[in-house]
**Q** 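Provided herewith is a single structure, encoded as structure tokens, for subsequent inquiry.
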Amino acid sequence: GENVEQHPSTLSVQEGDSAVIKCTYSDSASNYFPWYKQELGKRPQLIIDIRSNVGEKKDQRIAVTLNKTAKHFSLHITETQPEDSAVYFCAARHSGTYKYIFGTGTRLKVLA
Amino acid sequence: EADIYQTPRYLVIGTGKKITLECSQTMGHDKMYWYQQDPGMELHLIHYSYGVNSTEKGDLSSESTVSRIRTEHFPLTLESARPSHTSQYLCASSPSGGGDEQYFGPGTRLTVT
């Protein structure tokens, strides 16, 4: 069935360093790939997204890359700050059903 | 204010009870979703809807039902609550047309004793 694999499950970085989280999806009919940040006790918030017709998108310190051939997409956070500490989820949405499949999450800890 | 609302925010209930979790959005979105999420863990799709009178099953749909009689309202019903239903339930919505972003409600934290 459809699934999205996400790695790593936990990631600790020093403040100012970069963090990279990777996802792989299985359904070639997926055409939209959002990334969500979820702080403890809060709802998931969209931080960046990319459509299948784009290879890369950047928004200040956050960027997402997509390799459709390999079915990989990655989140890049540069110059990390303590407030970036949270759980990050990737997702893939099916183009026909609009059904989202989420990755298992990455707990990012930025050490001051 | 345009947002997505869930009630109750917290619920403690005994095994075997029937419960309905409410979700309403004031953004006029056609698509709505229910997810189950244990703290810090992945989101599992329970049910979703494309619009009024449309409901579709997700991966965890067997023990619950939904209805979509009005665009803004998408309640989730557990016919007989069990301890394994203890979790957080998140409602979400997204617009039709060119809009992609999925907006989440604040969640209902359910405990079944």
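First the proteins, then the strands, lettered A, B, ... as listed; each starts at 1. Computed from a predicted structure; not experimentally measured. Just so it is clear, the values below take in all heavy atoms, side chains as well, and ignore hydrogens, waters and symmetry mates.
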**Q** Table please: side-chain donor-acceptor pairs of residues 7-23 of chain A below 3.5 Å, with sequence neighbours left out.
**A**
none

**Q** Counting only non-hydrogen atoms closer than 4.5 Å, does Phe104(B) touch chain A with its backbone (N, CA, C, O), its side chain (CB onward), both, or neither?
**A** both

**Q** Where on Leu43(B) is there a heavy atom nearer than 4.5 Å to chain A: the side chain, the backbone, both, or neither?
**A** both

**Q** Any side-chain heavy atom of Arg9(B) sitting closer than 4.5 Å to one from Pro106(B)?
**A** yes

**Q** Is it the side chain or the backbone of Tyr35(B) that comes within 4.5 Å of chain A heavy atoms, both, or neither?
**A**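 Only the side chain of Tyr35(B) comes within 4.5 Å of chain A.
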
**Q** Under 4.0 Å between a Lys/Arg side-chain N and an Asp/Glu carboxylate O for Glu2(A) and Lys99(A)?
**A**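 A salt bridge links Glu2(A) with Lys99(A).
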
**Q** Among Glu56(B), His44(B), Gln102(B), which has the most heavy-atom pairs under 4.5 Å with chain A?
**A** Gln102(B)

**Q** Please tell me if the side chains of Ile62(A) and Trp35(A) come closer than 4.5 Å, counting only heavy atoms from C-beta onward.
**A** no

**Q** I'd like to know if the side chain of Arg61(A) reaches the main chain of Glu79(A), judged simply by a donor and an acceptor atom lying under 3.5 Å from each other, with no hydrogens or angles considered.
**A** yes

**Q** Is it the side chain or the backbone of Pro34(A) that comes within 4.5 Å of chain B heavy atoms, both, or neither?
**A**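 Neither; nothing under 4.5 Å.
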
